[in-house]
Amino acid sequence: MAIAFLPALAQAEPTEAWQAPTLSITRYDEDWSDLADAEKRGHHWTGPFKYIPIGDDAWLSTGIELRVRNENLENNLWGSAEAPNDSYVWLRALPYADLHVGKLRAFVQPIASTSIGVAPSPSPVDGTGLDLLQGFAEADLGPVTVRGGRQMLSLGTERLIGTRYGPNVPLAFDGLRADVKLGAAKVSLLAFKPVQARKGDFNDRTSPDKSLWGAYAALPGLDLYYLGYRNDAAHWGTREGTETRHSLGARWHGTRDDWHWNVEGVYQFGRFADGPISAWTLGSELGHAFPDAPMAPDLTMRVNVVSGDGDKADNRLGTFNALFPKGKYFGELSPVGPYNIVNAYSSLGLQVAPDVSASLAAMAYWRYSREDGIYDIPGNLIRDAGDSRARFIGKEVEATLAWQATAELELSASLSAFAPGAFIRDTGPAKTIRMLGLESNFRF
(Lines give C-alpha, C1' and ligand atoms only; values in the text may rest on other atoms or scores of the structure.)
Protein backbone atom coordinates (compact mmCIF):
# COMPACT_ATOMS: atom_id res chain seq x y z
CA MET A 1 0.00 0.00 0.00
CA ALA A 2 1.15 3.56 -0.45
CA ILE A 3 2.58 5.05 2.70
CA ALA A 4 0.48 8.15 2.19
CA PHE A 5 -3.07 6.92 1.69
CA LEU A 6 -4.05 10.11 -0.13
CA PRO A 7 -1.37 10.94 -2.68
CA ALA A 8 -0.42 14.45 -3.55
CA LEU A 9 -2.72 16.61 -5.60
CA ALA A 10 -2.48 16.43 -9.36
CA GLN A 11 -1.09 19.94 -9.06
CA ALA A 12 -0.93 22.73 -11.57
CA GLU A 13 1.68 25.48 -11.37
CA PRO A 14 1.06 27.95 -8.52
CA THR A 15 0.18 30.72 -10.98
CA GLU A 16 -2.60 28.71 -12.59
CA ALA A 17 -6.21 29.40 -11.72
CA TRP A 18 -7.17 25.72 -11.56
CA GLN A 19 -6.04 23.01 -9.18
CA ALA A 20 -7.23 19.42 -9.30
CA PRO A 21 -9.19 17.84 -6.45
CA THR A 22 -7.40 15.47 -4.10
CA LEU A 23 -7.21 12.03 -5.66
CA SER A 24 -9.24 9.59 -3.58
CA ILE A 25 -9.04 5.86 -2.98
CA THR A 26 -12.68 5.34 -3.93
CA ARG A 27 -12.32 7.70 -6.95
CA TYR A 28 -16.06 8.42 -7.16
CA ASP A 29 -15.66 11.24 -4.60
CA GLU A 30 -13.57 13.31 -7.02
CA ASP A 31 -15.37 16.26 -8.64
CA TRP A 32 -13.91 17.33 -11.98
CA SER A 33 -16.88 19.43 -13.14
CA ASP A 34 -14.81 22.63 -12.93
CA LEU A 35 -12.98 21.46 -16.07
CA ALA A 36 -16.05 22.23 -18.16
CA ASP A 37 -14.01 25.35 -18.95
CA ALA A 38 -11.83 24.23 -21.89
CA GLU A 39 -9.12 26.73 -20.95
CA LYS A 40 -8.73 25.10 -17.51
CA ARG A 41 -8.44 21.64 -19.09
CA GLY A 42 -5.28 22.79 -20.80
CA HIS A 43 -3.47 23.52 -17.55
CA HIS A 44 -2.30 19.93 -17.07
CA TRP A 45 -1.82 16.96 -19.38
CA THR A 46 -4.49 14.97 -17.51
CA GLY A 47 -7.18 17.62 -18.10
CA PRO A 48 -8.51 16.16 -21.38
CA PHE A 49 -8.94 12.77 -19.65
CA LYS A 50 -10.68 14.15 -16.56
CA TYR A 51 -13.42 16.04 -18.45
CA ILE A 52 -14.58 14.79 -21.83
CA PRO A 53 -17.61 16.74 -23.15
CA ILE A 54 -20.22 14.49 -24.75
CA GLY A 55 -23.20 16.76 -25.27
CA ASP A 56 -25.46 19.21 -23.49
CA ASP A 57 -25.15 18.55 -19.76
CA ALA A 58 -23.26 15.29 -20.36
CA TRP A 59 -19.58 14.56 -19.77
CA LEU A 60 -17.20 11.72 -18.99
CA SER A 61 -14.26 11.52 -16.57
CA THR A 62 -11.60 8.81 -16.82
CA GLY A 63 -8.49 7.78 -14.92
CA ILE A 64 -6.40 4.84 -13.78
CA GLU A 65 -4.24 3.52 -10.96
CA LEU A 66 -1.25 1.29 -11.74
CA ARG A 67 0.36 -0.17 -8.63
CA VAL A 68 3.33 -2.51 -8.18
CA ARG A 69 4.10 -3.56 -4.61
CA ASN A 70 6.86 -5.85 -3.38
CA GLU A 71 6.79 -7.26 0.16
CA ASN A 72 9.67 -9.23 1.66
CA LEU A 73 8.85 -11.11 4.88
CA GLU A 74 11.14 -12.93 7.28
CA ASN A 75 9.60 -15.08 10.06
CA ASN A 76 6.01 -14.24 9.10
CA LEU A 77 3.65 -14.81 12.06
CA TRP A 78 6.77 -15.13 14.24
CA GLY A 79 7.82 -18.20 12.22
CA SER A 80 4.52 -20.11 12.46
CA ALA A 81 3.21 -19.30 8.96
CA GLU A 82 3.19 -21.97 6.24
CA ALA A 83 5.76 -19.88 4.39
CA PRO A 84 7.48 -17.83 7.11
CA ASN A 85 10.04 -16.38 4.70
CA ASP A 86 8.37 -15.03 1.60
CA SER A 87 9.03 -12.43 -1.08
CA TYR A 88 6.30 -11.61 -3.55
CA VAL A 89 5.01 -8.93 -5.91
CA TRP A 90 1.47 -7.62 -6.21
CA LEU A 91 0.35 -6.01 -9.47
CA ARG A 92 -2.95 -4.28 -10.11
CA ALA A 93 -4.58 -1.89 -12.55
CA LEU A 94 -7.71 0.08 -11.65
CA PRO A 95 -9.04 2.09 -14.61
CA TYR A 96 -12.38 3.86 -14.28
CA ALA A 97 -14.97 5.80 -16.22
CA ASP A 98 -17.44 8.21 -14.60
CA LEU A 99 -20.36 9.31 -16.82
CA HIS A 100 -22.52 12.30 -15.84
CA VAL A 101 -25.79 13.08 -17.64
CA GLY A 102 -27.71 15.82 -15.90
CA LYS A 103 -28.59 14.59 -12.41
CA LEU A 104 -27.77 10.97 -13.30
CA ARG A 105 -24.45 9.22 -13.09
CA ALA A 106 -22.89 5.84 -13.97
CA PHE A 107 -19.55 4.81 -12.50
CA VAL A 108 -17.58 1.75 -13.68
CA GLN A 109 -14.20 0.55 -12.37
CA PRO A 110 -12.81 -2.85 -13.42
CA ILE A 111 -9.79 -4.42 -11.74
CA ALA A 112 -6.93 -6.46 -13.20
CA SER A 113 -4.80 -7.98 -10.45
CA THR A 114 -2.29 -10.78 -10.05
CA SER A 115 0.66 -11.77 -7.87
CA ILE A 116 4.08 -13.31 -8.34
CA GLY A 117 5.78 -15.52 -5.77
CA VAL A 118 3.17 -15.72 -2.99
CA ALA A 119 3.86 -18.90 -0.98
CA PRO A 120 2.54 -21.47 -0.38
CA SER A 121 -0.16 -20.27 -2.82
CA PRO A 122 -1.87 -16.93 -3.54
CA SER A 123 -5.32 -16.21 -2.15
CA PRO A 124 -8.09 -14.40 -4.06
CA VAL A 125 -7.08 -11.19 -2.24
CA ASP A 126 -3.59 -11.55 -3.76
CA GLY A 127 -5.06 -11.67 -7.26
CA THR A 128 -8.57 -11.95 -8.65
CA GLY A 129 -7.71 -11.74 -12.36
CA LEU A 130 -10.08 -9.53 -14.33
CA ASP A 131 -13.26 -8.47 -12.56
CA LEU A 132 -15.64 -5.63 -11.77
CA LEU A 133 -14.51 -3.79 -8.66
CA GLN A 134 -17.13 -1.02 -8.82
CA GLY A 135 -20.17 -0.46 -11.00
CA PHE A 136 -23.15 1.61 -9.89
CA ALA A 137 -25.81 4.07 -10.99
CA GLU A 138 -26.58 7.24 -9.04
CA ALA A 139 -29.38 9.80 -9.04
CA ASP A 140 -29.03 13.29 -7.54
CA LEU A 141 -32.44 14.18 -6.13
CA GLY A 142 -31.44 17.43 -4.47
CA PRO A 143 -31.06 16.84 -0.72
CA VAL A 144 -30.97 13.07 -1.35
CA THR A 145 -28.50 11.14 -3.51
CA VAL A 146 -29.34 7.49 -4.20
CA ARG A 147 -26.71 5.03 -5.40
CA GLY A 148 -27.24 1.37 -6.27
CA GLY A 149 -24.82 -1.33 -7.41
CA ARG A 150 -21.27 -2.41 -6.56
CA GLN A 151 -19.17 0.14 -4.70
CA MET A 152 -16.35 0.58 -2.19
CA LEU A 153 -17.22 2.06 1.21
CA SER A 154 -15.09 4.21 3.49
CA LEU A 155 -16.70 5.42 6.74
CA GLY A 156 -14.82 7.64 9.17
CA THR A 157 -11.29 6.38 9.83
CA GLU A 158 -12.25 2.89 8.56
CA ARG A 159 -12.24 1.24 11.99
CA LEU A 160 -15.31 -0.78 11.00
CA ILE A 161 -15.97 -0.17 7.29
CA GLY A 162 -12.98 0.27 5.01
CA THR A 163 -11.74 -0.21 1.46
CA ARG A 164 -9.02 -2.84 2.20
CA TYR A 165 -6.84 -0.67 -0.02
CA GLY A 166 -3.48 -1.93 1.21
CA PRO A 167 -3.77 -5.57 0.04
CA ASN A 168 -3.88 -6.24 -3.70
CA VAL A 169 -7.67 -6.62 -4.13
CA PRO A 170 -9.78 -3.92 -2.43
CA LEU A 171 -13.12 -4.73 -0.81
CA ALA A 172 -16.41 -3.80 -2.48
CA PHE A 173 -20.07 -4.20 -1.52
CA ASP A 174 -23.27 -4.84 -3.48
CA GLY A 175 -26.33 -2.88 -2.44
CA LEU A 176 -27.92 0.53 -1.94
CA ARG A 177 -26.77 3.78 -0.38
CA ALA A 178 -28.75 6.98 0.17
CA ASP A 179 -26.97 10.16 1.29
CA VAL A 180 -29.28 12.73 2.88
CA LYS A 181 -28.11 16.31 3.46
CA LEU A 182 -29.53 17.92 6.60
CA GLY A 183 -27.97 21.35 6.93
CA ALA A 184 -24.29 20.86 7.73
CA ALA A 185 -24.81 17.14 8.36
CA LYS A 186 -24.86 14.20 5.95
CA VAL A 187 -26.63 10.98 6.87
CA SER A 188 -25.77 7.86 4.86
CA LEU A 189 -28.31 5.03 4.89
CA LEU A 190 -26.74 1.68 3.94
CA ALA A 191 -27.93 -1.79 2.91
CA PHE A 192 -25.15 -4.02 1.53
CA LYS A 193 -23.58 -7.42 1.17
CA PRO A 194 -19.79 -7.72 0.80
CA VAL A 195 -18.28 -9.02 -2.45
CA GLN A 196 -16.20 -12.20 -2.20
CA ALA A 197 -13.07 -12.11 -4.33
CA ARG A 198 -12.38 -15.34 -6.23
CA LYS A 199 -9.51 -16.58 -8.37
CA GLY A 200 -10.37 -16.38 -12.05
CA ASP A 201 -11.92 -13.79 -14.31
CA PHE A 202 -15.33 -12.17 -13.82
CA ASN A 203 -16.43 -14.55 -11.07
CA ASP A 204 -16.43 -12.40 -7.91
CA ARG A 205 -19.78 -12.89 -6.19
CA THR A 206 -21.99 -11.31 -3.54
CA SER A 207 -21.48 -13.05 -0.19
CA PRO A 208 -24.30 -15.52 0.56
CA ASP A 209 -23.60 -15.36 4.31
CA LYS A 210 -22.82 -11.77 5.32
CA SER A 211 -25.02 -8.66 5.38
CA LEU A 212 -24.44 -5.06 6.48
CA TRP A 213 -26.95 -2.28 7.10
CA GLY A 214 -27.17 0.92 9.09
CA ALA A 215 -26.98 4.72 9.24
CA TYR A 216 -23.88 6.93 9.47
CA ALA A 217 -24.27 10.62 10.34
CA ALA A 218 -21.33 12.93 9.71
CA LEU A 219 -21.60 16.30 11.45
CA PRO A 220 -18.90 18.98 11.83
CA GLY A 221 -16.40 17.37 14.20
CA LEU A 222 -18.70 14.52 15.22
CA ASP A 223 -19.79 11.23 13.63
CA LEU A 224 -22.64 9.14 15.04
CA TYR A 225 -23.59 5.75 13.64
CA TYR A 226 -25.46 2.50 13.92
CA LEU A 227 -24.29 -0.55 11.94
CA GLY A 228 -26.05 -3.89 11.79
CA TYR A 229 -24.23 -7.06 10.74
CA ARG A 230 -25.25 -10.66 10.15
CA ASN A 231 -23.06 -13.66 9.34
CA ASP A 232 -24.78 -17.03 8.90
CA ALA A 233 -21.45 -18.88 8.97
CA ALA A 234 -19.57 -17.19 11.82
CA HIS A 235 -16.73 -18.82 13.79
CA TRP A 236 -15.43 -17.64 17.15
CA GLY A 237 -13.04 -20.04 18.85
CA THR A 238 -14.52 -23.53 18.73
CA ARG A 239 -18.08 -22.25 18.35
CA GLU A 240 -19.89 -21.60 15.09
CA GLY A 241 -23.34 -20.41 14.12
CA THR A 242 -25.29 -17.32 13.09
CA GLU A 243 -23.96 -13.99 14.34
CA THR A 244 -26.22 -10.94 14.48
CA ARG A 245 -24.38 -7.93 15.85
CA HIS A 246 -25.38 -4.29 16.35
CA SER A 247 -22.76 -1.54 16.68
CA LEU A 248 -23.43 1.90 18.19
CA GLY A 249 -20.55 4.30 17.67
CA ALA A 250 -19.44 7.91 18.07
CA ARG A 251 -16.34 9.68 16.77
CA TRP A 252 -15.11 13.09 17.89
CA HIS A 253 -12.40 14.59 15.70
CA GLY A 254 -10.94 17.91 14.70
CA THR A 255 -8.02 20.33 14.55
CA ARG A 256 -7.27 23.53 16.42
CA ASP A 257 -4.15 25.61 15.96
CA ASP A 258 -1.45 22.93 15.57
CA TRP A 259 -3.33 20.21 17.50
CA HIS A 260 -5.32 17.38 15.95
CA TRP A 261 -7.36 14.65 17.65
CA ASN A 262 -9.61 11.71 16.97
CA VAL A 263 -11.51 9.75 19.64
CA GLU A 264 -13.89 6.92 18.75
CA GLY A 265 -15.90 4.49 20.85
CA VAL A 266 -18.15 1.59 19.82
CA TYR A 267 -20.42 -0.72 21.81
CA GLN A 268 -21.69 -3.97 20.26
CA PHE A 269 -24.56 -6.22 21.27
CA GLY A 270 -26.56 -9.02 19.66
CA ARG A 271 -26.52 -12.82 19.49
CA PHE A 272 -24.03 -15.46 18.40
CA ALA A 273 -25.06 -19.13 18.21
CA ASP A 274 -26.90 -19.77 21.48
CA GLY A 275 -25.66 -16.79 23.50
CA PRO A 276 -25.53 -12.99 23.79
CA ILE A 277 -22.86 -10.58 22.56
CA SER A 278 -21.43 -7.72 24.61
CA ALA A 279 -18.26 -6.10 23.25
CA TRP A 280 -16.67 -2.67 22.90
CA THR A 281 -13.70 -0.64 21.76
CA LEU A 282 -12.28 2.78 22.55
CA GLY A 283 -9.62 4.43 20.41
CA SER A 284 -7.88 7.75 21.03
CA GLU A 285 -5.44 9.85 19.02
CA LEU A 286 -3.78 13.14 19.90
CA GLY A 287 -1.23 14.90 17.76
CA HIS A 288 0.67 18.16 17.52
CA ALA A 289 2.35 19.65 14.46
CA PHE A 290 5.38 21.96 14.53
CA PRO A 291 5.12 23.64 11.12
CA ASP A 292 7.86 26.22 11.81
CA ALA A 293 10.45 23.69 12.97
CA PRO A 294 12.93 22.06 10.57
CA MET A 295 11.18 19.33 8.52
CA ALA A 296 7.80 20.35 10.07
CA PRO A 297 7.56 17.42 12.52
CA ASP A 298 4.17 16.05 13.51
CA LEU A 299 4.04 13.98 16.69
CA THR A 300 1.08 11.60 17.15
CA MET A 301 0.13 9.36 20.07
CA ARG A 302 -2.60 6.69 19.99
CA VAL A 303 -4.07 4.24 22.48
CA ASN A 304 -6.59 1.60 21.40
CA VAL A 305 -8.44 -0.82 23.67
CA VAL A 306 -10.51 -3.61 22.08
CA SER A 307 -12.47 -6.11 24.17
CA GLY A 308 -11.96 -9.87 24.13
CA ASP A 309 -13.91 -12.83 25.46
CA GLY A 310 -13.71 -13.10 29.24
CA ASP A 311 -14.83 -16.71 29.72
CA LYS A 312 -14.59 -19.41 27.07
CA ALA A 313 -16.73 -21.74 29.20
CA ASP A 314 -19.93 -19.65 29.03
CA ASN A 315 -22.04 -18.86 25.97
CA ARG A 316 -21.50 -15.09 26.16
CA LEU A 317 -19.22 -13.61 23.50
CA GLY A 318 -17.12 -10.61 24.52
CA THR A 319 -14.78 -10.44 21.50
CA PHE A 320 -15.23 -7.24 19.51
CA ASN A 321 -15.87 -7.69 15.78
CA ALA A 322 -14.13 -5.10 13.59
CA LEU A 323 -16.46 -6.11 10.69
CA PHE A 324 -14.68 -4.84 7.53
CA PRO A 325 -11.69 -2.76 8.73
CA LYS A 326 -8.93 -1.14 6.69
CA GLY A 327 -6.36 -3.52 5.30
CA LYS A 328 -3.15 -2.45 7.09
CA TYR A 329 -4.68 -1.58 10.41
CA PHE A 330 -1.76 -0.69 12.70
CA GLY A 331 0.90 -0.08 10.04
CA GLU A 332 2.57 -1.53 6.98
CA LEU A 333 3.30 -4.69 9.00
CA SER A 334 0.12 -5.66 10.87
CA PRO A 335 0.20 -9.33 11.89
CA VAL A 336 -2.45 -8.74 14.56
CA GLY A 337 -5.87 -7.18 14.12
CA PRO A 338 -8.21 -5.09 16.31
CA TYR A 339 -9.63 -7.92 18.44
CA ASN A 340 -8.87 -8.56 22.14
CA ILE A 341 -6.03 -6.09 22.13
CA VAL A 342 -4.55 -3.06 23.85
CA ASN A 343 -2.30 -1.07 21.53
CA ALA A 344 -0.07 1.93 22.26
CA TYR A 345 1.34 3.83 19.28
CA SER A 346 3.61 6.83 18.79
CA SER A 347 4.85 8.28 15.51
CA LEU A 348 6.86 11.19 14.20
CA GLY A 349 6.11 12.47 10.71
CA LEU A 350 8.70 14.55 8.87
CA GLN A 351 8.67 16.58 5.65
CA VAL A 352 12.23 15.85 4.56
CA ALA A 353 11.90 17.83 1.32
CA PRO A 354 8.97 19.44 -0.53
CA ASP A 355 8.20 16.12 -2.28
CA VAL A 356 9.65 13.68 0.28
CA SER A 357 7.97 12.63 3.54
CA ALA A 358 9.10 10.19 6.22
CA SER A 359 7.81 8.72 9.45
CA LEU A 360 9.11 6.76 12.42
CA ALA A 361 6.69 4.76 14.56
CA ALA A 362 6.86 2.55 17.64
CA MET A 363 4.04 0.26 18.82
CA ALA A 364 3.34 -2.16 21.66
CA TYR A 365 0.55 -4.74 21.97
CA TRP A 366 -1.09 -6.57 24.87
CA ARG A 367 -4.04 -8.95 25.13
CA TYR A 368 -7.08 -7.32 26.74
CA SER A 369 -8.43 -10.63 28.09
CA ARG A 370 -6.23 -13.54 29.20
CA GLU A 371 -9.05 -15.94 28.26
CA ASP A 372 -9.00 -14.96 24.57
CA GLY A 373 -6.35 -15.34 21.88
CA ILE A 374 -5.15 -12.97 19.15
CA TYR A 375 -6.54 -12.55 15.65
CA ASP A 376 -5.45 -11.28 12.24
CA ILE A 377 -7.12 -8.29 10.57
CA PRO A 378 -9.93 -10.32 8.89
CA GLY A 379 -10.75 -11.82 12.31
CA ASN A 380 -9.18 -15.28 12.03
CA LEU A 381 -7.73 -16.71 15.25
CA ILE A 382 -3.93 -16.96 14.84
CA ARG A 383 -2.88 -17.82 18.42
CA ASP A 384 -5.26 -19.45 20.92
CA ALA A 385 -5.01 -18.42 24.55
CA GLY A 386 -3.99 -21.93 25.58
CA ASP A 387 -2.63 -22.03 29.13
CA SER A 388 -0.75 -18.75 28.85
CA ARG A 389 -1.52 -16.04 31.40
CA ALA A 390 0.78 -13.54 29.70
CA ARG A 391 -0.72 -10.39 28.22
CA PHE A 392 2.25 -8.92 26.34
CA ILE A 393 2.11 -9.78 22.62
CA GLY A 394 5.10 -7.81 21.42
CA LYS A 395 6.58 -4.53 20.23
CA GLU A 396 7.10 -3.12 16.78
CA VAL A 397 9.10 -0.38 15.09
CA GLU A 398 8.51 0.93 11.59
CA ALA A 399 10.11 3.50 9.28
CA THR A 400 8.55 4.78 6.06
CA LEU A 401 9.71 7.01 3.24
CA ALA A 402 7.64 8.39 0.34
CA TRP A 403 8.69 10.45 -2.67
CA GLN A 404 6.05 12.18 -4.79
CA ALA A 405 8.18 12.01 -7.93
CA THR A 406 5.50 13.66 -10.07
CA ALA A 407 1.91 14.71 -9.47
CA GLU A 408 0.87 11.22 -10.58
CA LEU A 409 3.73 8.94 -9.43
CA GLU A 410 4.58 8.07 -5.84
CA LEU A 411 7.50 5.83 -4.84
CA SER A 412 7.54 4.54 -1.28
CA ALA A 413 9.35 2.16 1.04
CA SER A 414 8.83 0.80 4.54
CA LEU A 415 10.96 -1.21 6.94
CA SER A 416 9.31 -2.95 9.91
CA ALA A 417 10.24 -5.32 12.74
CA PHE A 418 7.89 -6.98 15.27
CA ALA A 419 9.63 -8.56 18.29
CA PRO A 420 7.49 -11.18 20.11
CA GLY A 421 6.49 -10.87 23.75
CA ALA A 422 5.72 -13.39 26.48
CA PHE A 423 2.36 -14.51 25.05
CA ILE A 424 3.88 -15.36 21.65
CA ARG A 425 6.73 -17.22 23.33
CA ASP A 426 4.23 -19.19 25.44
CA THR A 427 2.10 -20.32 22.49
CA GLY A 428 4.46 -21.31 19.66
CA PRO A 429 7.30 -20.10 17.45
CA ALA A 430 8.57 -16.72 18.60
CA LYS A 431 10.98 -15.20 16.10
CA THR A 432 11.16 -11.51 15.24
CA ILE A 433 9.14 -10.66 12.11
CA ARG A 434 10.89 -8.39 9.62
CA MET A 435 9.36 -6.83 6.51
CA LEU A 436 10.61 -4.61 3.72
CA GLY A 437 7.93 -3.07 1.51
CA LEU A 438 8.60 -1.29 -1.81
CA GLU A 439 5.91 0.34 -3.91
CA SER A 440 5.35 2.30 -7.09
CA ASN A 441 1.92 3.87 -7.52
CA PHE A 442 0.92 5.81 -10.65
CA ARG A 443 -2.51 7.39 -10.45
CA PHE A 444 -4.46 10.12 -12.24
Side-chain angles (χ1 to χ4, degrees), residues 1-2 4-11 18-36 44 46-47 49-52 59-65 67 92 94-101 103-111 132-166 170-182 184-190 192 195 215-220 223 225 251 253 262 324 326-327 407-408 410 441-444:
M1 66 185 294
F5 276 139
L6 294 180
L9 304 180
Q11 295 175 348
W18 171 79
Q19 182 169 296
T22 299
L23 301 185
S24 68
I25 291 172
T26 51
R27 304 311 304 260
Y28 55 70
D29 289 324
E30 300 168 16
D31 182 4
W32 298 92
S33 59
D34 195 44
L35 293 187
H44 194 267
T46 61
F49 296 97
K50 307 313 294 182
Y51 191 101
I52 303 171
W59 57 282
L60 180 70
S61 184
T62 63
I64 194 170
E65 174 187 299
R67 191 186 80 160
R92 77 178 179 204
L94 299 172
Y96 78 89
D98 187 7
L99 175 65
H100 296 255
V101 180
K103 299 295 185 179
L104 302 178
R105 179 187 191 189
F107 185 95
V108 176
Q109 184 176 43
I111 180 173
L132 178 66
L133 179 63
Q134 299 193 89
F136 62 80
E138 180 182 284
D140 182 355
L141 307 176
V144 180
T145 301
V146 179
R147 180 184 301 158
R150 182 165 294 182
Q151 54 200 279
M152 295 165 65
L153 296 177
S154 177
L155 300 181
T157 54
E158 298 193 350
R159 292 177 68 91
L160 294 181
I161 308 297
T163 60
R164 198 175 65 197
Y165 181 77
L171 175 64
F173 296 82
D174 287 337
L176 294 170
R177 174 175 181 167
D179 291 335
V180 184
K181 295 180 181 178
L182 300 171
K186 183 177 79 170
V187 179
S188 297
L189 305 176
L190 313 169
F192 286 101
V195 176
Y216 195 101
L219 299 86
D223 296 355
Y225 56 89
R251 172 178 170 245
H253 58 97
N262 180 58
F324 307 98
K326 56 189 174 185
E408 296 76 33
E410 183 187 60
N441 198 346
F442 177 86
R443 181 162 45 175
F444 77 87

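Everything numeric here is computed off the predicted structure, so don't read it as measured data.
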Review point. Below 4.5 Å, heavy atoms only, C-beta onward: do Leu153 and Phe324 meet side chain to side chain?
Key: no
Exercise for review: Report the C-alpha separation of Ser61 and Tyr96 in whole Å, then their side-chain angles, then the decisive distance to 0.1 Å, and conclude whether the side-chain contact (heavy atoms from CB on, under 4.5 Å) test is met.
Suggested key: CA-CA 8 Å; Ser61 184; Tyr96 78 89; 3.9 Å; yes
Exercise for review: Assign the ring pair Trp59 / Tyr51 to parallel, tilted or perpendicular, where the plane angle (0 to 90°) is split at 30° and 60°.
Suggested key: parallel
Check your understanding: Tell me, do Pro170 and Ile111 make a side-chain contact under 4.5 Å, heavy atoms counted?
Key -> yes
Exercise for review: Dump the intermediate steps for side-chain contact (heavy atoms from CB on, under 4.5 Å) on Leu190 and Ile161, then the final yes or no.
Suggested key: CA-CA 11 Å; Leu190 313 169; Ile161 308 297; 5.9 Å; no
Review point. So which heavy atom on Thr157 is nearest to which on Lys326, and how close?
Key: O-NZ, 3.6 Å
Check your understanding: Does Glu138 reach the side chain of Thr145, with side-chain heavy atoms less than 4.5 Å apart?
Key -> yes
Check your understanding: Does Glu65 have any side-chain hydrogen bond (donor to acceptor under 3.5 Å, both in side chains) partners at least two apart in sequence or in another chain, and if so, which?
Key -> Arg92, Tyr165, Arg443
Exercise for review: Apply side-chain contact (heavy atoms from CB on, under 4.5 Å) to the pair Val108 and Leu132, showing each step before the final yes or no.
Suggested key: CA-CA 8 Å; Val108 176; Leu132 178 66; 4.0 Å; yes
Revision key, fill the gap. Rounding to 0.5 Å, atoms CD (Glu408) and CD1 (Ile64) come to a distance of 12.5 Å
Exercise for review: Determine the minimum heavy-atom distance between Met152 and Leu171, stating which atoms define it.
Suggested key: CG-O, 3.4 Å
**Study point:** Close side-chain approach of Lys103 and Leu141, heavy atoms under 4.5 Å
**Key:** no
Exercise for review: Can you measure from CD (Glu158) to OG1 (Thr163) and round to the nearest 0.5 angstrom?
Suggested key: 4.0 Å
Practice item. Quick one: pull up OG in Ser154 and CG in Asp29 and give me the separation to the nearest 0.5 Å. Key: 8.0 Å
Check your understanding: Do Arg147 and Tyr28 meet the cation-pi criteria used here (NZ or CZ under 6.0 Å from the six-membered ring centre, within 45° of the axis)?
Key -> yes
Exercise for review: Please check if atom CZ in Phe49 has more than 12 non-hydrogen atoms from other residues, nucleotides or ligands closer than 6.0 Å.
Suggested key: no
Review point. At what distance, to the nearest 0.5 angstrom, does CG of Asp98 lie from CD1 of Ile52?
Key: 11.0 Å
Exercise for review: Could you tell me the separation between the CG atom of Leu182 and the CG atom of Leu219, rounded to the nearest 0.5 Å?
Suggested key: 9.0 Å
Practice item. Compare all side-chain heavy atoms of Gln134 with those of Phe107 and state whether any distance is below 4.5 angstrom. Key: yes
Check your understanding: Of the non-hydrogen atoms in Leu60 and Ala97, which two are nearest, and what is the gap between them?
Key -> CD1-CB, 4.1 Å
Practice item. State, to 0.1 Å, how close His44 and Ala407 come at their nearest heavy-atom pair, and which atoms those are. Key: NE2-CB, 4.3 Å
Check your understanding: Can you name the residues that form a side chain to side chain contact (heavy atoms under 4.5 Å, CB included) with Asp174, not counting sequence neighbours?
Key -> Arg150, Val195, Thr206
Review point. Do you know which two heavy atoms are closest between Ser188 and Arg177, and how far apart they sit?
Key: OG-NH2, 3.3 Å
Exercise for review: May I ask you to decide if the ring planes of Phe192 and Phe173 are parallel, tilted or perpendicular, using 30° and 60° as cut-offs?
Suggested key: perpendicular
**Study point:** Nearest-0.5 Å distance that lies between atom NE2 in His253 and atom CG in Asp223
**Key:** 4.0 Å
Exercise for review: Could you tell me which non-hydrogen atom of Pro95 sits nearest to which non-hydrogen atom of Pro110, and how far apart they are?
Suggested key: O-CD, 3.3 Å
